[in-house]
Amino acid sequence: MGELGAFLKIEREGFVYRDPAERSGDYHEFLERRPDDELAEQGARCMECGVPFCHNGCPLGNLIPDWNDLVYRDRWQDAIRQLHATNNFPEFTGRLCPAPCEAACVLEIREGDAVSIKQLENAIIDRAWEEGWVAPQPPRAETGYAVAVVGSGPAGMAAAQQLRRNGHAVTLFERDESAGGLVRFGVPDFKIEKWVVQRRVDQLAAEGVDVRCGVDVGVDVTVPELRERFDAVVLATGSRVPRDLPVPGRELDGVHFAMEYLYGRNRWVADEGFRPAVSARGKHVIVIGGGDTGADCVGNSMREGAASITQLELLPEPPAHRPDERTPWPLWPQKFRLSYAMEEARTAAVGEQDYAVTTTHLSGEDGRVTALHYAQAQPAPPFSPVAGTAGELKADLVLLAMGFLHPEQELIDQLGCEKDRRGNVKAATFGTSMEGVFAAGDARRGQSLIVWAINEGRQCARMVDRHLNALAVRGEVGSGNTQPADSGPEGPPRHIAGAVPAGR
């Protein structure tokens with residue numbers, strides 16, 4: 001794998017980012033691609049590890065050393081075959097995944113020295129699209145069974161694609177006006193431009209998936225209709241119920257959940273004639289929550305021209321380096337990472353990030369928020385206020401980005417599916433308590449990473465396919481199309497032991 005000893009001679013070079021002062025003035029992606037010769041050098045750094053721990057770090061089980069080596073050897077078309085063998089949408093993960101694979105890289109034993117896996121993944125798929133190597137793969141034959149996938153986020157899209165490639169008639173339902181879930185409406189364009197999402201939606205349609213947007217399953221299509229028309233149902237509705245802030249003053253105008261704001265901003269970027277209900281322009285913005293959603297609120301507020309932006313985190317500030325006593329290699333390290341958004345806000349001298357802060361109450365005038373009152377939080381649950389540390393921040397807009405609790409409950413209840421103690425769909429092996437109903441992604445496992453969502457969709461599709469095959473054995477006739485499918489490519493060759501074609 002790679003060049004013998006290259007990791008000793010070649011320094012790690014990660015993503016190239018556009019200048020913070022420049023990129024904060026537009027909504028274009030801020031990642032840039034290195035030249036192919038530099039990427040080949042980075043691929044050469046991959047060691048011939050006895051045990052490639054990056055496989056374990058990646059929920060998809062990506063064949064990372066293989067495509068690192070192929071990039072090094074300038075075999076890009078083989079590299080995309082390897083990448084697609086385990087990952088339906090590597091341009092999603094290459095842009096949005098935090099890369100637990102890199103945390104598990106053997107070279108990361110020396111902190112900060114991991115192979116730049118995420119950068120190589122992103123470059124492989126971007127070049128594959130540019131070269132025309134990504135094409136629809138319709139099935140060679142129809143099974144006659146029909147599947148409804150509810151929710152078009154990464155889990156739903158992955159499940160739909162896998163099921164369609166196995167010959168089932170698939171209908172992908174989406175409540176919003178466009179497919180993609182939070183990748184479309186929650187994640188800003190400067191992290192992933194929406195044409196990147198749309199070309200995958202177009203690929204699904206070209207493969208024969210019936211993509212139906214603006215359809216609220218349980219309302220526009222009733223549960224009895226759903227069960228009558230389809231032989232199996234996949235719930236991939238995400239974890240969309242946000243965690244609230246139960247403090248006095250929560251009811252004031254100007255206090256919003258993060259997704260209320262982010263959905264409006266993404267719709268505005270797609271159509272400048274759209275008028276969002278929530279705006280940060282000229283306001284003193286407080287973002288409560290230090291994760292990716294909070295960072296995206298900061299990034300959008302920057303681009304809108306907020307007067308000031310303060311991001312508050314309940315937990316103590318993490319250490320600058322991996323704490324081996326808490327998260328030793330190859331675990332994901334709990335250490336400080338400056339977000340792209342706070343880098344932009346600090347560069348413009350309008351941003352501040354504070355840790356170990358708990359909100360005690362909000363106050364306002366004429367029904368609108370004007371101030372957030374806080375105290376320092378104790379370092380352990382329940383993170384109670386520390387006496388004598390009270391303070392106040394000016395606030396015209398407060399955005400709650402404290403994570404999500406569980407999926408919306410109405411459809412789950414209508415279907416009669418059991419739930420776990422957290423309110424997620426109970427589906428240990430993707431099958432729910434209701435025959436023929438399956439669950440995948442955040443709706444099943446709770447709020448998680450995009451790479452887990454794609455893995456869940458793929459694994460759920462495998463279990464649905466097994467269920468439908470059992471129906472065929474029992475002689476039960478499906479409700480889907482029984483006409484021959486269009487002929488299509490056979491998928492990537494099995495050029496290494498154990499490789500799984502993308503259509504399986």
Side-chain angles (χ1 to χ4, degrees), residues 27 151-153 174-192 194 197 213-214 216 219 237-314 339 341 345 359 362 364 367-372 393 395-410 423 442-443 447:
Y27 289 83
S152 70
E174 172 54 54
R175 182 173 58 185
D176 290 319
E177 68 270 22
S178 301
L182 292 189
V183 177
R184 168 85 72 168
F185 291 106
V187 180
D189 278 58
F190 41 87
K191 288 173 70 174
I192 181 168
K194 298 310 176 277
V197 181
C213 297
D216 191 355
V219 178
T237 54
S239 181
R240 297 292 296 274
V241 177
R243 181 173 286 107
D244 210 339
L245 182 68
V247 299
R250 167 63 181 88
E251 73 286 352
L252 291 167
D253 288 343
V255 184
H256 300 272
F257 289 119
M259 285 302 156
E260 297 178 56
Y261 177 61
L262 295 176
Y263 262 60
R265 295 312 305 160
N266 278 304
R267 285 186 166 115
W268 178 85
V269 172
D271 176 11
E272 293 190 11
F274 178 81
R275 290 292 174 262
V278 184
S279 174
R281 182 174 297 278
K283 295 178 180 177
H284 297 282
V285 179
I286 308 291
V287 178
I288 302 178
D292 287 342
T293 302
D296 294 344
C297 289
V298 172
N300 270 291
S301 298
M302 268 293 300
R303 285 158 178 78
E304 269 205 277
S308 69
I309 308 167
T310 305
Q311 188 174 15
L312 305 179
E313 170 58 62
L314 181 65
S339 73
T359 302
L362 302 165
R368 183 164 192 85
V369 67
T370 58
L372 179 144
L393 292 170
D396 304 313
L397 175 63
V398 178
L399 299 173
L400 308 180
M402 303 177 295
F404 300 87
L405 298 174
H406 48 65
E408 295 175 1
Q409 305 288 287
E410 292 80 4
D442 290 1
Q447 178 188 353

query = Can you find a heavy atom in the side chain of L397 that is under 4.5 Å from one in the side chain of V278?
reply = yes
task = Please name the pair of heavy atoms, one in T293 and one in A258, separated by the smallest distance, quoted to 0.1 Å.
result = CG2-CB, 3.6 Å
task = Salt-bridge test for R267 and D176: reply yes if a basic N is under 4.0 Å from a carboxylate O, no otherwise.
result = yes
ask   = Does the side chain of I288 reach to within under 4.5 Å of the side chain of Q311, using non-hydrogen atoms?
value = no
key: pair L262-F185: side-chain heavy atoms closer than 4.5 Å   = no
query = Where the side chain of R368 meets the backbone of G364, is there a donor-acceptor pair that is under 3.5 Å apart?
reply = no
C213/E177 under side-chain contact (heavy atoms from CB on, under 4.5 Å): CA gap, chis, key distance, verdict = CA-CA 5 Å; C213 297; E177 68 270 22; 5.6 Å; no
message = Quick one, D442 with L182, criterion side-chain contact (heavy atoms from CB on, under 4.5 Å). Give me CA distance, side-chain angles, the key distance, then yes/no.
response = CA-CA 11 Å; D442 290 1; L182 292 189; 5.9 Å; no
request  = Indicate the atoms forming the closest heavy-atom contact of P242 with L405, along with that distance.
outcome  = O-CD1, 3.9 Å
ask   = Would you say the side-chain atoms of S239 and H406 include a donor-acceptor pair closer than 3.5 Å?
value = no
ask   = Hey, does E304 have a side-chain heavy atom less than 4.5 Å from the side chain of R265?
value = yes
ask   = Looking at residues at least two apart in the chain, or sitting in another chain, which of them share a side chain to side chain contact (heavy atoms under 4.5 Å, CB included) with E408?
value = R175, R240, V241, E410
request  = Determine the minimum heavy-atom distance between S301 and A280, stating which atoms define it.
outcome  = OG-CB, 3.7 Å
ask   = Taking Q447 for the side chain and F404 for the main chain, is one N or O donor matched with an acceptor at less than 3.5 Å?
value = yes
inquiry  = Is any side-chain heavy atom of S279 closer than 4.5 Å to one of Y261?
reply    = no
inquiry  = What's the separation between atom CG in D253 and atom OG1 in T370, rounded to the nearest 0.5 Å?
reply    = 12.0 Å
ask   = Can you tell if the side chain of V269 reaches within under 4.5 Å of the side chain of K194, non-hydrogen atoms only?
value = no
query = When rounded to the nearest 0.5 angstrom, what distance separates CG in L362 from CG in L245?
reply = 6.0 Å
ask   = Taking the side chain as C-beta and beyond, is there a heavy-atom pair between F257 and L399 under 4.5 Å?
value = no
message = Would you say that H256 contacts L400 through its side chain, given a criterion of any heavy-atom pair below 4.5 Å between the two side chains?
response = no
request  = List the atom of G249, the atom of V255, and the distance in Å for their closest heavy-atom pair.
outcome  = O-CG2, 4.3 Å
key: For R243, salt bridge (Lys or Arg N to Asp or Glu O under 4.0 Å) partners two or more places apart   = none
Spacing of CZ belonging to R281 relative to CG belonging to D396, to within rounding of 0.5 Å = 14.5 Å
key: Heavy-atom closest pair, residues P407 and A443   = CG-O, 3.7 Å
inquiry  = Checking side chain to side chain contact (heavy atoms under 4.5 Å, CB included) between C297 and each of V287, I286, V285, D292, which is the one that passes?
reply    = V287
note = All heavy atoms of S178 vs all of S152, minimum pair found to be O-OG, 4.5 Å
task = For the pair Y27 and W268, evaluate ring-ring contact (aromatic ring centres under 6.0 Å, His included) and give the outcome as yes or no after the intermediate values.
result = CA-CA 11 Å; Y27 289 83; W268 178 85; 5.7 Å; yes
